[in-house]
Amino acid sequence: MRELGEGCIVEEMFNRLAPYIQDYIYANNWTELREIQVAACQAVFDTDDNLLLSSGTASGKTEAAFLPVLTELYHHPSSSVGVLYISPLKALINDQFKRLDDLLTESNLPVCKWHGDASQAEKNRLLKHPEGILQITPESLESLLIRKRGACRKLFSDLRFVIIDEVHYFMRDVRGVQVLCLLERLQRLTGSVPRRIGLSATLGDLSVAQSWLNSGTNRHCTAPVCNAQRQKIRLLVQRFQKADQTTPDGALDAGDAAHYEYLYRMTLDQKTIVFTNSREETEFVMAHLRQLALKNKTPDVYRVHHGNISAVLREQAEDEMKTSEEKLVTGATVTLELGIDIGSLDQVIQVGTPATVSSFAQRLGRCGRRGQVPQILFTFMDDVHTTAADKLGPINWSFLRTIAIIELYTRQKWVEPLTPGRYPYSMLYHQTMSYLLSAGEATGKELAESILKLSCFRYIPQEDYLLLLRHLLSIGHLQKMEDGGLIIGRAGEKVVSDYHFLAVFQVPEYYLVKDENRAIGTVDKIYPQGMRFALAGRTWETVEVNQKAKVLFVKLVPGISTVDWDVDFNADLHTVLVQKIKHILSCEDQYPYLSDSCCERLEEIRYLARNSGILTNVITQLSENKYAIFPWVGTRQLFTLHFMLLQRGFKSKLLWRTCVYLEVTFNGKAPDAKAQIESALRDIAESDGDLSRLPLPDKVQIEHKYNEFIPLGLLRKEFIFDFLEPDGLKAALGAYGFSDVIAGG
């Protein structure tokens with residue numbers, strides 16, 4: 001073993017590992033422990049801290065967590081389950097321990113999977129003889145605490161470690177709140193506080209993640225910063241132009257045809273994941289690649305992987321990607337961003353712009369394993385024409401966002417910070433109902449003691465909780481007993497008795513698609529008999545519809561079709577990203593990864609931006625009665641500006657979710673329109689930031705699964721404090737000084 005840092009720290013950590021782990025390392029020809037593995041050993045062996053391991057994909061984080069943890073259990077065996085491993089996906093659970101299989105076998109510690117597809121016999125065995133490692137999803141842990149609360153006390157009585165995989169994935173939505181609530185409830189049940197170890201490849205602000213991981217433990221969190229070696233990356237961004245002329249019905253646009261031909265050539269004999277931003281686009285791209293392969297008489301190596309494909313077909317695609325000698329090409333959405341092992345890839349292709357910098361980092365991390373140089377190709381269709389009537393119409397903002405994302409991650413290693421909300425009222429409802437489902441009955445005081453004091457709800461005042469409980473009583477979700485206790489009411493029973501209750505994320509109503517008795521996947525709308533649609537990379541025709549069972553029976557047919565799922569691309573832009581777009585427009589920098597066509601397009605866009613005045617002025621006149629406001633802030637600040645302008649009598653709109661400016665429209669001519677907007681912006685910049693009087697429509701809320709059971713006043717409060725960002729907006733407006741904000745006209 002080589003030395004690292006001062007003295008023989010690597011050798012020391014290696015010598016402290018359990019003997020069977022040392023044997024495993026020698027047997028697998030490891031030449032050294034990686035820096036993150038040494039740091040993890042030091043933290044686990046020499047402190048009582050929680051531990052956050054944040055480093056790139058395939059950097060050895062899983063081993064870094066398990067080598068010292070298994071060593072601790074070797075020297076100090078647990079009398080119950082010793083390690084609880086929590087993962088966001090069943091597929092990750094099924095996959096994660098395959099590469100550690102030999103190590104875990106030598107440990108003599110049983111590993112039990114606990115989710116809907118896992119063996120009931122194994123679960124029963126663990127309940128009788130709790131030991132070893134338990135792999136579980138949040139939903140299954142919720143079920144355990146509800147249905148087997150008594151057994152949980154024995155199952156986890158001597159739990160030493162909780163390993164939370166893909167921490168960034170949990171932190172970004174309410175499943176993270178669920179995880180933290182479950183762990184605190186478990187601590188109260190057993191009276192012990194196990195150490196937590198969080199794993200992630202993409203975290204922006206480590207301090208926020210440390211605070212998140214520490215919630216409810218009163219521990220310090222160690223987050224070793226390892227010196228990441230600069231890594232070469234092969235990057236190319238290629239552009240295709242939509243044809244100006246109209247095409248006959250059914251004919252493919254010439255630009256689209258050239259795009260698919262290019263993708264076909266670039267993936268020939270190259271093991272590839274083709275990422276897109278929607279399930280619909282994935283299906284369409286892969287169908288065209290398969291069609292070209294048929295035309296050119298090359299093998300059908302094309303697979304599809306997204307959330308609406310049946311689990312059997314997804315797992316089949318994963319296994320084939322890992323073991324097949326063929327160079328498979330798999331179209332995917334976010335489902336292959338996480339660390340499912342599919343072996344080495346030759347490249348990743350991104351069609352269109354990734355949703356976030358974090359998403360790009362995850363996708364880039366899928367290639368370049370086992371010593372390879374990561375190779376990622378971006379392609380996009382440029383359907384924005386220079387003849388657009390609007391002076392900003394010819395600017396392709398998605399193209400600029402692609403460059404900004406690449407620059408922020410590759411040059412600065414910046415990813416979006418994750419800031420958990422303070423007022424998760426939907427989760428407050430869920431945890432209240434979950435507690436009552438387990439306990440049967442509780443007084444309002446007992447509920448407040450048990451639920452409101454969970455660390456995730458520490459900012460919610462008692463009066464808000466009382467308001468929620470009264471509302472739930474009024475709508476029949478709770479019922480008051482003669483002795484004053486609260487139980488779940490009839491309306492609430494309908495919610496908690498549905499197995500979907502365990503999941504706190506929104507699940508659309510899906511219809512199962514079956515080819516005879518084989519499940520293909522699901523769709524979110526009914527396709528009538530005789531209609532054709534795409535799913536799992538194939539085209540199907542509906543043969544029969546069973547409305548009651550929500551099943552479409554189909555048959556396989558030739559040709560290419562589409563499927564119109566509801567849009568699943570809904571990202572917010574961060575101010576840092578928007579500012580980077582402005583910098584790209586303002587500077588003269590050249591980007592070597594852009595194709596010649598992309599370079600020409602960038603210069604054209606820069607020319608348009610400079611001449612429009614948007615880079616130096618906040619207000620730009622677009623037409624006789626339309627004005628654009630460019631404070632160069634993120635999506636949340638723009639929404640804040642929209643409502644603050646509405647409060648002052650101005651109608652504005654965000655043209656699309658990832659738009660970087662607001663459009664203000666006046667009815668008819670307004671000779672002093674610019675002066676009016678300027679005055680409003682100055683007033684906003686100087687305001688006290690009180691958002692309580694904003695004219696918010698009732699439907700404006702942060703979308704969560706159980707919002708329909710929450711009083712509108714609480715949903716409004718959550719939106720104001722957990723979504724709107726007045727401080728960042730005011731700072732941006734103040735930076736201009738408003739000495740010269742007008743452009744155009």
Side-chain angles (χ1 to χ4, degrees), residues 235-267 272-292 302 304 306 329 331-333 347-356 359-360 363 376-388 390 392-406 534 537 560-565 567-571 573 581 584 591 593-605 608 655-660:
L235 274 172
L236 175 64
V237 181
Q238 188 61 269
R239 166 182 175 261
F240 296 87
Q241 177 68 55
K242 279 276 190 184
D244 289 324
Q245 69 273 15
T246 57
T247 56
D249 288 344
L252 199 61
D253 176 273
D256 284 321
H259 183 205
Y260 294 131
E261 284 279 358
Y262 179 78
L263 290 175
Y264 170 74
R265 292 196 311 273
M266 294 301 291
T267 55
T272 307
I273 296 179
V274 180
F275 282 111
T276 74
N277 293 322
S278 70
R279 297 157 293 175
E280 184 173 342
E281 190 173 18
T282 294
E283 293 284 356
F284 207 51
V285 168
M286 301 314 292
H288 279 285
L289 293 184
R290 180 174 279 118
Q291 196 82 351
L292 286 167
Y302 305 99
V304 176
H306 57 69
V329 180
T333 54
Q347 64 181 347
V348 162
I349 293 178
Q350 169 69 49
V351 177
T353 306
T356 59
S359 180
F360 166 62
R363 295 177 180 193
I376 185 164
L377 167 66
F378 288 82
T379 67
F380 72 97
M381 286 302 305
D382 196 354
D383 56 358
V384 181
H385 298 287
T386 56
T387 56
D390 185 335
L392 301 181
I395 296 179
N396 188 322
W397 297 102
S398 294
F399 170 48
L400 294 171
R401 191 154 49 92
T402 297
I403 301 173
I405 285 172
I406 292 172
I560 294 176
S561 188
T562 59
V563 58
D564 54 338
W565 276 294
V567 176
D568 48 7
F569 182 77
N570 192 26
L573 303 190
I581 291 173
I584 291 165
Y591 307 103
Y593 47 80
L594 297 183
S595 68
D596 290 343
S597 174
C598 288
C599 289
E600 292 172 8
R601 185 72 170 102
L602 177 58
E603 289 310 309
E604 179 184 90
I605 292 172
L608 290 166
L655 299 179
W656 61 93
R657 184 72 185 187
T658 55
C659 188
V660 299

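In what follows, residues are counted from 1 in the order of the sequence shown.
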Under 3.5 Å, side-chain donor or acceptor atoms of residues 284-291 against the rest of the protein: list the pairs with distances, not counting sequence neighbours.
from	atom 1	to	atom 2	distance (Å)
R290	NE	D300	OD1	3.2
R290	NE	D300	OD2	3.0
R290	NH1	G537	O	2.3
R290	NH2	Y302	O	2.6

Task: Non-hydrogen atoms of N277 and R363 that approach each other most closely - done: OD1-NH1, 3.8 Å
Open item on the list: Less than 4.5 Å apart, side chain to side chain, heavy atoms only: is that true for V351 and H259?
Closed with: yes
Task: Straight-line distance of L263 CG to F240 CZ, nearest 0.5 Å - done: 6.5 Å
Task: Close side-chain approach of I376 to F360, heavy-atom, < 4.5 Å - done: yes
TODO: State, to 0.1 Å, how close A355 and A571 come at their nearest heavy-atom pair, and which atoms those are.
DONE: O-CB, 3.5 Å
Task: Side-chain heavy-atom pair K242, D256 within 4.5 angstrom cut-off - done: yes
Task: Non-hydrogen side-chain atoms of V304 and R279 separated by less than 4.5 Å - done: no
TODO: Would you give the length of the straight line joining atom CG of L392 to atom CG of L608, rounded to the nearest 0.5 angstrom?
DONE: 9.0 Å
Task: Candidate list Q241, Q238, R239, test side chain to side chain donor-acceptor pair (under 3.5 Å), partner S597, passing option - done: R239
- [ ] Identify the two heavy atoms, one from A332 and one from I273, that lie closest to each other, and give their separation to 0.1 Å.
- [x] CB-CG2, 4.1 Å
Task: Any I406 side-chain heavy atom under 4.5 Å of Y591 side chain - done: no
Open item on the list: Less than 4.5 Å apart, side chain to side chain, heavy atoms only: is that true for V348 and F275?
Closed with: yes
Open item on the list: Rounded at 0.5 Å granularity, tell me how far OG1 in T276 sits from CD in Q350.
Closed with: 7.5 Å
- [ ] For T356 and I405, run side-chain contact (heavy atoms from CB on, under 4.5 Å): C-alpha distance rounded to whole Å, both residues' side-chain angles, the deciding distance at 0.1 Å, then the answer.
- [x] CA-CA 7 Å; T356 59; I405 285 172; over 6 Å; no
TODO: Calculate, to the nearest 0.5 Å, the distance between atoms OG1 and CH2 belonging to T402 and W397 respectively.
DONE: 13.5 Å
Open item on the list: To the nearest 0.5 Å, what is the distance between CD1 on I395 and CZ on R601?
Closed with: 8.5 Å
Open item on the list: Using modelled atom types and a 3.5 Å cut-off, is there a donor and acceptor pairing between side-chain atoms of S398 and backbone atoms of T353?
Closed with: no
- [ ] Look up atom OH in Y260 and atom CG in L292, then write down how far apart they are to the nearest 0.5 Å.
- [x] 10.0 Å
- [ ] I would like to know whether M266 and T272 meet side-chain contact (heavy atoms from CB on, under 4.5 Å); could you show each step before the answer?
- [x] CA-CA 9 Å; M266 294 301 291; T272 307; over 6 Å; no
Task: Test side chain to side chain contact (heavy atoms under 4.5 Å, CB included) applied to I403 and L594, V237, I581, the passing residue - done: L594
Task: L573 vs R657, side-chain contact (heavy atoms from CB on, under 4.5 Å): CA-CA, chis, key distance, verdict - done: CA-CA 9 Å; L573 303 190; R657 184 72 185 187; over 6 Å; no
- [ ] For side-chain contact (heavy atoms from CB on, under 4.5 Å), just list the numbers for I584 and L602, CA-CA rounded to whole Å, side-chain angles, deciding distance to a tenth of an Å, and then say yes or no.
- [x] CA-CA 9 Å; I584 291 165; L602 177 58; 4.0 Å; yes
